[in-house]
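Here's the structure, in structure tokens; my notes come after.
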Amino acid sequence: MAERCTWVIAKEPLYVEYHDKEWGVPVFDDRLLFEMLCLEGAQAGLSWWTILQKRENYRKAFDNFEGEKIIHYTDEKLQLLREDTGIVRNKLKIQSVVTNAKAFLRMQKEYGSFSNYIWSFVDNEPIVNHWGTMKEVPVSNEISDKMSKRLKKDGFKFVGGTICYSYMQAVGMVNDHTLECFCHPSHIEDKKILGH
């Protein structure tokens with residue numbers, strides 16, 4: 001049986017699929033990058049498993065994270081979101097999605113794409129780490145702290161250093177699969193999984 005990172009809840013297919021097919025895989029699609037940024041922010045103070053189970057609800061509630069739609073949300077729409085039991089009903093977290101959508105669209109315009117903006121923090125190349133155990137994996141680092149400061153300056157909310165590092169892991173800017181995990185690049189021969 002294939003080894004996986006120890007944080008995976010093996011009996012939960014949704015978690016296994018997320019680990020096997022998404023976590024640590026580079027994402028360059030603007031919409032998905034924005035979705036993951038919002039979901040990581042929603043996770044603050046909670047577990048990723050909690051958010052992952054609500055992901056489809058989030059997509060329905062927030063118009064599939066289409067920034068152009070989100071920036072036009074009315075007070076009535078925001079009130080409906082605060083009453084939506086399918087998502088985390090935290091007023092500040094809900095409002096942050098609208099705030100972040102505005103910042104996201106600004107960065108798209110300024111950099112040609114949000115992908116260009118966010119990937120510049122790692123010089124457009126995924127960082128592949130070689131951890132022996134999950135205990136070695138940091139919760140933040142110099143890059144995520146730098147990213148956090150910049151994102152805050154550019155108008156984003158719920159983007160602390162720890163959230164930014166978790167985001168980097170989720171969208172493959174950093175690959176933190178442990179060496180024993182079959183998803184670590186060292187186990188993948190003749191398969192070009194990294195890159196555009």
Side-chain angles (χ1 to χ4, degrees), residues 18 22-23 25-48 50-124 126 139-174 196:
Y18 173 72
E22 287 191 69
W23 198 69
V25 177
V27 173
F28 299 97
D29 175 75
D30 274 15
R31 193 211 61 77
L32 186 53
L33 284 167
F34 178 61
E35 173 184 315
M36 292 308 291
L37 188 68
C38 294
L39 293 178
E40 290 293 345
Q43 183 198 186
L46 304 166
S47 72
W48 177 244
T50 299
I51 301 303
L52 190 60
Q53 292 174 92
K54 296 176 182 288
R55 189 178 185 180
E56 287 306 320
N57 296 332
Y58 266 96
R59 285 173 173 164
K60 284 183 195 130
F62 287 98
D63 291 293
N64 204 33
F65 293 98
E66 298 290 347
E68 294 84 357
K69 291 181 181 175
I70 293 170
I71 60 168
H72 297 296
Y73 281 4
T74 60
D75 289 340
E76 288 78 10
K77 169 68 175 175
L78 292 171
Q79 183 57 41
L80 285 172
L81 288 168
R82 289 194 288 271
E83 294 165 7
D84 189 337
T85 55
I87 64 171
V88 176
R89 295 179 293 167
N90 176 300
K91 187 178 180 181
L92 293 176
K93 287 180 179 178
I94 289 167
Q95 182 60 52
S96 77
V97 176
V98 180
T99 304
N100 289 350
K102 291 172 184 171
F104 164 74
L105 293 173
R106 277 199 308 273
M107 293 308 104
Q108 263 190 334
K109 198 170 179 183
E110 193 174 326
Y111 289 84
S113 73
F114 184 70
S115 179
N116 289 341
Y117 167 74
I118 209 73
W119 276 90
S120 68
F121 292 102
V122 291
D123 296 325
N124 303 303
V139 293
S140 66
N141 67 6
E142 201 178 316
I143 298 171
S144 70
D145 290 342
K146 184 181 164 190
M147 184 194 291
S148 171
K149 282 179 188 160
R150 182 59 194 271
L151 262 64
K152 286 175 183 174
K153 187 173 171 242
D154 289 333
F156 291 89
K157 303 283 184 192
F158 284 93
V159 286
T162 303
I163 287 173
C164 282
Y165 193 75
S166 187
Y167 177 69
M168 287 168 66
Q169 292 172 316
V171 300
M173 293 169 72
V174 61
H196 299 256

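Quantities reported herein were computed from a predicted structural model and do not represent experimental measurements. The first residue of the sequence shown is numbered 1, and numbering continues consecutively from there.
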Main-chain N/O of K93 paired with N90 side-chain donor or acceptor, under 3.5 Å:
yes
If you round to the nearest 0.5 Å, how far is CD1 of I70 from CG of N64?
9.0 Å
Please examine the side chains of Q108 and D30, heavy atoms only from C-beta on, and report whether any two atoms are closer than 4.5 Å.
yes
Euclidean distance, E35 CD relative to R55 CZ, rounded to 0.5 Å:
5.0 Å
I118 and M147: CA distance, side-chain angles, deciding distance, side chain to side chain contact (heavy atoms under 4.5 Å, CB included) verdict
CA-CA 8 Å; I118 209 73; M147 184 194 291; 4.3 Å; yes
Would you check if there is a donor-acceptor pair between the side chains of Q79 and E76 at a distance under 3.5 Å?
no
Can you confirm whether F121 sits close enough to M168 that some side-chain heavy atom of one is under 4.5 Å from a side-chain heavy atom of the other?
no
Flag side-chain contact, heavy atom, 4.5 Å: R31 against F114:
no
Min side-chain heavy-atom separation K54-T50 under 4.5 Å:
yes
Can you find a heavy atom in the side chain of V159 that is under 4.5 Å from one in the side chain of K152?
yes
Applying side chain to side chain contact (heavy atoms under 4.5 Å, CB included), run through K149 and K146 and close with a yes or a no.
CA-CA 5 Å; K149 282 179 188 160; K146 184 181 164 190; 6.0 Å; no
Output the distance between atom CG (L33) and atom CH2 (W119), rounded to the nearest 0.5 Å.
8.0 Å
Could you state the interatomic distance from CG (D75) to CG (L80), rounded to the nearest 0.5 Å?
11.0 Å
Could you tell me whether the side chain of F34 reaches within less than 4.5 Å of the side chain of N100, counting heavy atoms only?
yes
Using 0.5 Å steps for rounding, measure from the CD atom of E83 to the CG atom of L78.
11.5 Å
Minimum heavy-atom distance between V139 and Y165, given as atom pair plus value
O-CB, 3.3 Å
When every non-hydrogen atom of Y18 is compared with those of A170, the smallest separation belongs to OH-CB, 3.5 Å
Is any side-chain heavy atom of Y117 closer than 4.5 Å to a side-chain heavy atom of L151?
yes
Is it the case that over 12 heavy atoms from other parts of the model lie below 6.0 angstrom from the NZ atom of K77?
yes
For D84 against A61, the heavy-atom pair lying closest together:
OD2-CB, 3.6 Å
Nearest heavy-atom contact between D29 and L32 is OD2-N, 2.9 Å
Is any side-chain heavy atom of L81 less than 4.5 Å from a side-chain heavy atom of Y73?
yes
Go through F156 and L37 one step at a time and tell me if the side chain to side chain contact (heavy atoms under 4.5 Å, CB included) criterion holds.
CA-CA 10 Å; F156 291 89; L37 188 68; 3.8 Å; yes
As an exercise, state the distance from SG of C38 to CD of E40, rounded to the nearest 0.5 Å.
10.5 Å
State, to 0.1 Å, how close A42 and L46 come at their nearest heavy-atom pair, and which atoms those are.
O-CD1, 3.6 Å
